[in-house]
Amino acid sequence: MTDLIRLSAADLAGAIARGEASAVEATRAHLDRIAEVDGQVAAFLHVDEAGALAAAERVDRARAAGEELGPLAGVPVAVKDVLTTRGVPTTAGSKILEGWRPPYDSTIVQRLRAAGTVIVGKTNMDEFAMGSSTEYSAYGPTRNPWDLGRIPGGSGGGSAAALAAYEAPLAIGSDTGGSIRQPGAVTGTVGAKPTYGGTSRYGLIAFSSSLDTPGPCARTVVDAALLHAVIGGHDRRDSTSIPQPVPEVVAAARRGATGDLSGVRLGLVSQFSGEGAEPGVMAAFGEALERLTKLGAEVVEVSCPHFEYALPAYYLIAPSECSSNLARFDGVRYGLRVGDDGQRSLEEVMSLTREAGFGPEVKRRIIIGTYALSSGYYDAYYGQAQKVRTLITRDFTAAFERVDVLVSPTTPFVAFPFGSRTSDPYQMYLADLFTIPTNLYGGPAISVPCGLSDGLPVGFQIMAPTMADDRMYRVAAALESAVGTLTPPAL
Ligand code: GLN
């Protein structure tokens, strides 16, 4: 029974479809695992045992009735707490939403339910998805299953840690500047950021609307592709959703898994030559690149001169959009309300609620964003950052005329110890040095484990042109076939 938790999602779904295990057994095994290890890992903010078992029973009944099951039916999935789940607490890692039970499901969650997956719970995250370590969660940090004294990445550290700790074989994340890929990298799991608009933002609590992208997290590349296919595709309730079918990501991953990359051109970004990155990370990345060339890929160096301005541009655009999006948390409509004693004015209640409900990083972003958008400074900050965004997009477009995908390490450093980057915000922001350009451009990118540095996982990033998500899955699966999956020390 316990080995059900070690199976890939594809294998677990196969076992359920063939009747070798029931969906209820699979769900129970994962709930037991959560009960066993989550006291140490703290990946979950909420475990929905009753909801999960009811969903699993529906799958078992459907199978008994001879109904055709989807490719992930009966498979447990952990959902980042930034996506609304009807009647199930949704906090986005913030005190300001404590106690809120949304009256509706996000599109991603609707699609997960329709596919017969079993939502086991909501995972921890940095407050409103701002951060790279989960240390900014109002509910305490998640610990990395590889070393409980280290961060699991962020903002979606709970989703990544749940995978690495075998609490769920699949998870959902959201990536605004790296929050799927960076936690994937530092926990030795796979995280894919789809093309912006390829997955629906309906019911995703907004951080930076022009960047936010929900996506799949898994322990294998094929599993991530299977999940991507279930959650992706057009949604008329999201105005920036792309009205096209999901690229053939599962077929591409299966093709890549055969280990043949002949004819594939990999672009090595010269601006990411390793400056600011740990030597152990660059060494693992270099070895992985060599493996890919042995599979037939060709490596071409490409220059993306504006990538070095991506981080400052992002830290104007994302806070600007966040300052607008977070204005809705006013103590009237959702969750927390402070100081409503019948004497105070509405403004006072709003101000007391926001003072008590938001943590320091969120406040910092709101202040920066409000400043960057204020009249007199708008052109110098927000306007300038938008111009940089255009130049970065042009760098990508020019690069993709010469190569099929771009490659880099996912993060400059491996999982760091708690507290080591919280005193200086810039040190935390550096975690996303290599992931942010893709978000500004809008293309897809994936992180796949490529080895260890000092016993900790290193992620390999593959960036593809918009709507060529299939391409990155092919390369990622080929790399996985050469490296294998990484297993954390016993937990
Ligand atoms: N770490 C980045 C930030 O703090 C990215 C977060 C994300 O992708 N949600 O903004």
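For the pair W146 and P457, the minimum side-chain heavy-atom distance is below 4.5 Å. Between L112 and L227, the closest side-chain pair of non-hydrogen atoms falls below 4.5 Å. At a threshold of 4.5 Å between non-hydrogen side-chain atoms, the residues R471 and P444 do not count as touching. Contact annotation: the side chain of E361 never approaches that of D126 to less than 4.5 Å [non-hydrogen atoms, C-beta and beyond]. Counting heavy atoms from C-beta on, the side chains of P409 and F460 never come closer than 4.5 Å. Looking at heavy atoms from C-beta onward, F418 lies out of side-chain contact with N144 at the 4.5 angstrom threshold. Contact check for L211 versus Y314: side-chain heavy atoms found under the 4.5 Å cut-off. The side-chain heavy atoms of F434 and V269, taken from C-beta on, include no pair separated by under 4.5 Å.
With rounding to the nearest 0.5 angstrom, the CG atom of L440 is 5.5 Å from the CZ atom of R389. Taken to the nearest 0.5 Å, the CG atom of L266 stands 12.0 Å off from the OG atom of S408. Rounding to the nearest 0.5 angstrom, the gap separating the CG atom in L479 from the CG atom in L289 is 9.5 Å.
Using modelled atom types, no side-chain atom of K193 and backbone atom of T176 make a donor-acceptor pair closer than 3.5 Å. Remark: side-chain polar atoms of R219 are paired, donor with acceptor, to backbone N or O of L163 under 3.5 angstrom. For R6 (side chain) and Y166 (main-chain N/O), no donor-acceptor pair under 3.5 Å exists by modelled atom type. Panel note: side chain Q461, backbone A445; no donor-acceptor pair is recorded below 3.5 Å.
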Task: Candidate pair T123 and S159, rule side-chain hydrogen bond (donor to acceptor under 3.5 Å, both in side chains), full reasoning - done: CA-CA 6 Å; T123 55; S159 283; 2.9 Å; yes

TODO: Run the numbers on Q271 and S303 for side-chain hydrogen bond (donor to acceptor under 3.5 Å, both in side chains), then give the verdict.
DONE: CA-CA 7 Å; Q271 282 71 17; S303 177; 3.0 Å; yes

Open item on the list: Apply salt bridge (charged side-chain N to carboxylate O under 4.0 Å, His left out) to residues E287 and R291 and explain how you reach the verdict.
Closed with: CA-CA 6 Å; E287 277 168 37; R291 286 177 193 268; 5.3 Å; no

- [ ] Check step by step if side-chain hydrogen bond (donor to acceptor under 3.5 Å, both in side chains) holds for T91 and D81.
- [x] CA-CA 6 Å; T91 67; D81 208 26; 2.6 Å; yes

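The closest side-chain donor-acceptor pair between T213 and D175, if any, does not fall under 3.5 angstrom. In this model, no donor atom of one side chain and acceptor atom of the other lie less than 3.5 Å apart for D260 and T258. Side-chain atoms of S241 and D235 form no donor-acceptor pair, as typed in the model, at a separation below 3.5 Å. Side-chain polar atoms of Q182 and T410 form no donor-acceptor pair below 3.5 angstrom. In the model, S155 has a side-chain atom that pairs as donor or acceptor with a side-chain atom of K80 under 3.5 Å. If you check the side chains of T240 and R201, you find a donor sitting under 3.5 Å from an acceptor. Looking only at atom types and distance, the side chain of E321 has a donor-acceptor partner in the side chain of S210 under 3.5 Å away. Using a 3.5 Å distance cut-off with no hydrogens or angles, the side chains of T466 and T195 do not pair a donor with an acceptor.
Between F307 and F396, the ring planes are tilted. Angles from 30° to 60° get that label. Ring geometry for F413 against F416 counts as perpendicular: the plane angle is over 60°, on a 0 to 90° scale with 30° as the lower cut.
Taking both residues in full, the closest heavy atoms of D105 and Q110 are given as O-NE2, 3.2 Å, listed atom of the first, atom of the second, then distance. Nearest heavy-atom pair across A399 and L406 is CB-CD2, 4.0 Å.
Of the candidates N439, V190, T411, R181 forms a side-chain contact (heavy atoms from CB on, under 4.5 Å) with just one, namely N439. Of the listed residues (V109, V77, I172), just one forms a side-chain contact (heavy atoms from CB on, under 4.5 Å) with T117, and that residue is V77.
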